[in-house]
Amino acid sequence: MNQIRVAIVEDDLLIREAFAAMLKDQDGIVLSGVFGDAEKFMHEIDFSEPDVVLMDIHLPGINGIECIKK
């Protein structure tokens with residue numbers, strides 16, 4: 001069975017943990033990374049290789065829209 005690799009990029013710790021908790025036990029989904037900011041995600045994207053990214057738009061530093069553009 002192919003698994004969908006999901007990365008979470010969210011600066012709010014409670015929301016980030018809630019997303020991770022909801023997804024970690026879902027069949028067919030594996031968390032490829034959980035990040036608190038866009039810079040860290042961009043640095044690790046080659047290692048995490050996500051199929052899907054759940055990204056907050058309002059992030060400190062580089063916001064979610066700028067991150068996706070890069």
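Residue numbers count from 1 along this sequence.
In the hydrophobic cluster analysis, where Ile, Leu, Val, Met, Phe, Trp and Tyr join through side-chain heavy atoms closer than 4.5 angstrom, Met22 is grouped together with Val34.
Applying the salt bridge (charged side-chain N to carboxylate O under 4.0 Å, His left out) test to pairs two or more places apart or on separate chains, none has a residue in residues 30-46. For residues 23-42, every residue pair satisfying the ring pair (Phe, Tyr, Trp, His ring centres under 6.0 Å) rule, not counting sequence neighbours, is listed here: Phe35-Phe41.
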Side-chain donor-acceptor distances from residues 51-70 under 3.5 Å, at least two apart:
unit_1, atom_1, unit_2, atom_2, d
Asp51, OD2, Arg5, N, 2.8
Asp56, OD1, His58, N, 3.0
Asn63, OD1, Ile65, N, 3.0
Asn63, OD1, Glu66, N, 2.8

Identify every side-chain donor-acceptor pair in residues 9-16 under 3.5 Å, counting partners at least two apart or on other chains, and give the distances.
unit_1, atom_1, unit_2, atom_2, d
Glu10, OE2, Asp12, N, 2.9
Asp12, OD1, Leu14, N, 3.0
Asp12, OD1, Ile15, N, 3.1
Arg16, NH1, Glu10, O, 2.6
Arg16, NH1, Asp11, O, 3.4

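Interatomic distance, Asp27 CG to Gln3 CD, rounded to the nearest 0.5 Å: 9.0 Å.
Applying the ring-ring contact (aromatic ring centres under 6.0 Å, His included) criterion to Phe19, with sequence neighbours excluded, gives no partner residue.
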